[in-house]
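Data first, discussion second: the structure below is written as structure tokens.
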Amino acid sequence: MSVLVYIENRNGKFKKSTYEIVSYGKRLANGLGSSLTLLSIGRVAEDELKNLGAYGAGKILSAETDAPLDDKAYASLIASAAQNSGATLVVMAHNVTGKALAPRVAVRLNAGLVSAVNGLPVSYQPFVVSKKAFSGKSLMQAEITSDIKVITLSQNTAGIETFAGEALIEKIDTSSMTSGTKVVSTEVQTGKILLSEADVVVSGGRGMRSADNWKPLEELAGVLGAATACSRPVSDEGWRPHHEHVGQTGKVVAPNLYFALGISGAIQHLAGISSSKVIVAVNKDPEAPIFSAADYGIVGDLQTVLPKMTEAFRKLKASS
Amino acid sequence: MNILVCISNVPDTTTRIKYSADMKSVDYSGVQWIINPWDELALTRAIELKEAHPALVQKITVITAGGADAEPTLRKALACGADDAIRVDAPGGDSLFTATQLAHAVKGEPFDVILCGIESSDYNGSAVGGMLAELLDYNSVSAVSSLNLEGNSVKVTREIDGGKQSIETSAPVVLIVQKGIAINPRIPSMRGIMTARTKPLKVVAAAAASPGSKVVGYQAPPQKSACKMIDPENIDELVHLLHTEARVI
């Protein structure tokens, strides 16, 4: 019996979210009295895989392949690995890849799936997990009743723990992988902090007034080492790209610190940010609903407040 | 080419969620029902494609699994521009149950491109589209933010972690779509509403299927403590609080 965690690399390297899901998998395995097996698809150096031992990795199945993500092919590989390792629980991150693969894997394993789980199970027997529902307006507890279970973990909700131990690497065969989709081109953001990985997010709304006013916001983000984001009207207007849109139909983020600058706080936006640990709002309207979701608020004009904030954080960073 | 759009019937986004006294179920009394926002974008793109390529796209069908109370939402999709509708008479159940019902109704039917929203705004499962693809043994592409058709070739852009990919595939295929596929959802015209009344809506009996999970209960999310207001002339105070009180900087 084991817990199988699918781990994703980016250009052969693992990210913070990988350490989180590995250490989460280890805690699940401990809770179930079983062992942890990881599955890596792609090309990752042995040292990088071995590093996962410190986060609880026991056995790592390494499927070395250059085949890009194809939902069907990857899901088939993950399901086979789960069957071969006798996994009763399969875990993936609730990100673009996990959303693509977990449902297919669940069908292959005839398993119930609960996605976007927000931490360790409420109970192991029966297996009950907790997640947000109605776009953050409710918390729901769900029991997975099937023999094999699949869950996806909301990022930045479980935390990272370290464990003593060493990882054992076993290569698995990928020669039978075939793809029904053809990748024509790939565009990867470089030199920018990814919204999905960021500890701090600086986000602007319609109150920023125009696309030209984004420079001071980017400066603040630069000082804080933050990712930039925006509300829906801003991406709809084309002031910022769609991949920066945070909210119900955009991205759901869970950073430690979220700055809502000139964002009124429509319910659709709050759905995307309610898992943030601390929210700072700046808005000229004291009645803006964002203040009921925020931890710290400033009523003021961004044109003057934003440069002052950048300066004040720069001072702090310089002194620490 | 025939396009199928899977529709989830969900409470309006601004609905205040109420519960039964035992907190084991949601109290849906008085709720306004809408087409799930992501499915609405999928439908909008399907209609745009049919308008742009009338010779290529023959028909747009919408499908949902649900009770008769889901029919007004299907009629709304017809009013937006879909040609016909299917309701699988299978209310309730988890994503596996719903996907099994849809697969049962779709299997063997000549749908070339099946569009599903990436998430539904009620249970936020992000599961039915991928499950449907696997049950039908079709290829799928998830997190699709643009879709074009060229002959038999299906060209999409998919979001990947920290970037995007242009992908080519062929029918039949399930595309799980997100923001960007369309920007402004199509709103029914008066004429659309009139013609929707007489467009075909077929009811299919439910298949035997068992769910893989069930809801145990609900909780209201924890209340946020009051927002601490800071003087715009005293930004240092904000920095100080984030550093020493919240400890996030």
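Just so it is clear: chains get the letters A, B, ... in the order the sequence lines come, proteins before strands, and each one is counted from 1. Keep in mind that this is a model prediction, so the values were computed, not measured.
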Spacing of A:S138 atom OG and B:R16 atom CZ [to the nearest 0.5 Å]: 12.0 Å
Is it the side chain or the backbone of A:I144 that comes within 4.5 Å of chain B heavy atoms, both, or neither? both
Only pairs of heavy atoms separated by less than 4.5 Å count here; which of B:S140, B:P232, B:G163 has the most with chain A? B:S140
The interface call for A:V280 against chain B, heavy-atom contacts under 4.5 Å, is side chain
For B:K179 and A:S235, does a side-chain donor sit closer than 3.5 Å to a side-chain acceptor? yes
If only atom types and distance count, is the side chain of B:S213 paired as donor or acceptor with the main-chain N or O of A:A142 below 3.5 Å? no
Contact winner vs chain B - A:V200, A:N256, A:L257, A:T304, heavy-atom pairs under 4.5 Å: A:L257
What's the shortest heavy-atom distance between B:T169 and A:G180, and which atoms? OG1-O, 3.0 Å
Distance (rounded to the nearest 0.5 Å) between A:R104 CZ and B:D137 CG: 7.0 Å
Enter the distance from A:Q141:CD to B:K24:NZ here, rounded to the nearest 0.5 Å. 9.5 Å
Quick one: CE on B:M229 to CZ on A:F291, what's the gap to the nearest 0.5 Å? 4.0 Å
Anything in residues 145-158 of chain B with a heavy-atom distance to chain A below 4.5 Å? Please list those residues in order. B:R158
Honestly, the part of B:S95 sitting under 4.5 Å from a heavy atom of chain A is side chain
Does a side-chain heavy-atom distance below 4.5 Å link B:D122 with A:M140? no
Do other residues, nucleotides or ligands put more than 12 heavy atoms under 6.0 Å from the CG atom of B:D27? yes
Name the region of B:L132, side chain, backbone, both or neither, that has any atom closer than 4.5 Å to a heavy atom of chain A. neither
Should A:I298 and B:I235 count as side-chain neighbours, where that means a heavy-atom distance under 4.5 Å? yes
Examine whether an atom of A:R10 lies under 4.5 Å from a heavy atom of chain B, and if so say whether it belongs to the side chain, the backbone or both; otherwise answer neither. side chain
Does A:K315 reach the side chain of B:D236, with side-chain heavy atoms less than 4.5 Å apart? yes
Closest contact, heavy atoms only, B:P221 versus A:G136: CG-O, 3.7 Å
Measure A:E8 against the heavy atoms of chain B and call it side chain, backbone, both or neither at under 4.5 Å. side chain
Given A:P255, A:S185, A:A293, the one with more heavy-atom pairs under 4.5 angstrom with chain B than any other is A:S185
Non-hydrogen side-chain atoms of A:L139 and B:Y218 separated by less than 4.5 Å: no
B:T13 side chain reached by A:Q268 side chain, heavy atoms, under 4.5 Å: yes
Side chain to side chain contact (heavy atoms under 4.5 Å, CB included) between A:Q248 and B:S121, worked out: CA-CA 8 Å; A:Q248 189 187 34; B:S121 60; 3.3 Å; yes
Side-chain heavy atoms of A:L113 within contact of B:M131, under 4.5 Å: yes
Below 4.5 Å from any heavy atom of chain A, which atoms of B:A143 appear? Answer side chain, backbone, both or neither. side chain
Top of B:K164, B:Q178, B:H240 for chain A proximity - count of heavy-atom pairs under 4.5 angstrom: B:K164
Portion of B:Y19 that has a non-hydrogen atom of chain A nearer than 4.5 angstrom: side chain
Under 4.5 Å, heavy atom to heavy atom, which residues of residues 241-249 of chain B contact chain A? B:L241, B:L242, B:H243, B:E245, B:A246, B:V248, B:I249
Does any heavy atom of chain B fall under 4.5 Å from the side chain of A:K277, the backbone, both, or neither of them? backbone
Counting only non-hydrogen atoms closer than 4.5 Å, does B:A99 touch chain A with its backbone (N, CA, C, O), its side chain (CB onward), both, or neither? neither
Give a yes or no on whether the backbone of B:Y123 and the side-chain of A:K131 come within a donor-acceptor separation of less than 3.5 Å. yes
Compare all side-chain heavy atoms of A:V184 with those of B:Q165 and state whether any distance is below 4.5 angstrom. no
More than 12 foreign heavy atoms under 6.0 Å from CG of B:D231: is that the case here? yes
Do A:F134 and B:T15 touch side chain to side chain, with heavy atoms closer than 4.5 Å? no
Less than 4.5 Å to any heavy atom of chain A: does that hold for the side chain of B:I17, its backbone, both, or neither? side chain
Side chain from CB out, backbone as N, CA, C, O: work out which of these in B:P11 comes under 4.5 Å of a heavy atom of chain A, or both, or neither. side chain
Provide the closest heavy-atom pair for A:G297 versus B:C227 in the form atom of the first, atom of the second, distance. N-SG, 3.4 Å
Contacting region of B:L238 [heavy-atom separation from chain A under 4.5 Å]: side chain
If you tally heavy-atom pairs under 4.5 Å between each of A:V188, A:T186, A:V150 and chain B, the highest tally belongs to A:T186
Is the closest basic N to carboxylate O distance between B:E233 and A:K308 below 4.0 Å? yes
Answer yes when A:K251 and B:E159 have at least one side-chain N-carboxylate O distance shorter than 4.0 Å, and no when they do not. yes
Please assess B:N139 against A:T181 for the test side-chain hydrogen bond (donor to acceptor under 3.5 Å, both in side chains), listing each intermediate value before the final yes or no. CA-CA 7 Å; B:N139 287 312; A:T181 57; over 6 Å; no
Give the C-alpha distance, both sets of side-chain angles, the deciding distance and a yes or no for side chain to side chain contact (heavy atoms under 4.5 Å, CB included) between A:K182 and B:I167. CA-CA 5 Å; A:K182 190 176 121 211; B:I167 303 235; 5.9 Å; no
Keeping the roles fixed (side chain from A:K99, backbone from B:G130), state whether a donor-acceptor pair exists under 3.5 Å. no
Between B:Q219, B:E134, B:K214, B:E119, which shows the greatest number of heavy-atom pairs under 4.5 Å with chain A? B:E134
Spacing of OG belonging to A:S115 relative to CG belonging to B:N124, to within rounding of 0.5 Å: 8.0 Å
Counting heavy-atom pairs under 4.5 Å with chain B, the top scorer among A:L69, A:I267, A:V114 is A:L69
Between B:K224 and A:D295 (salt bridge meaning N to carboxylate O under 4.0 Å), is one present in this structure? yes
Please give me the minimum heavy-atom distance between B:S142 and A:D71, naming the atom from each residue. N-OD2, 3.4 Å
For the interface with chain B, which of A:A100, A:A106, A:G300 has the highest count of heavy-atom pairs at distances below 4.5 Å? A:A100
Is A:H243 in contact with chain B via its backbone, its side chain, both, or neither, using a 4.5 Å heavy-atom distance? neither
Determine the option with the most heavy-atom pairs under 4.5 angstrom with chain A, choosing from B:I183, B:L96, B:N184. B:I183
Check B:V239 against A:A312 and note the closest heavy-atom contact, atom names and distance. CG2-CB, 3.5 Å
Judged by modelled atom types alone, do B:D161 and A:S196 share a side-chain donor-acceptor pair under 3.5 Å? yes
So which residue, A:D236, A:V122, A:D70, ends up with the most heavy-atom pairs under 4.5 Å with chain B? A:D236
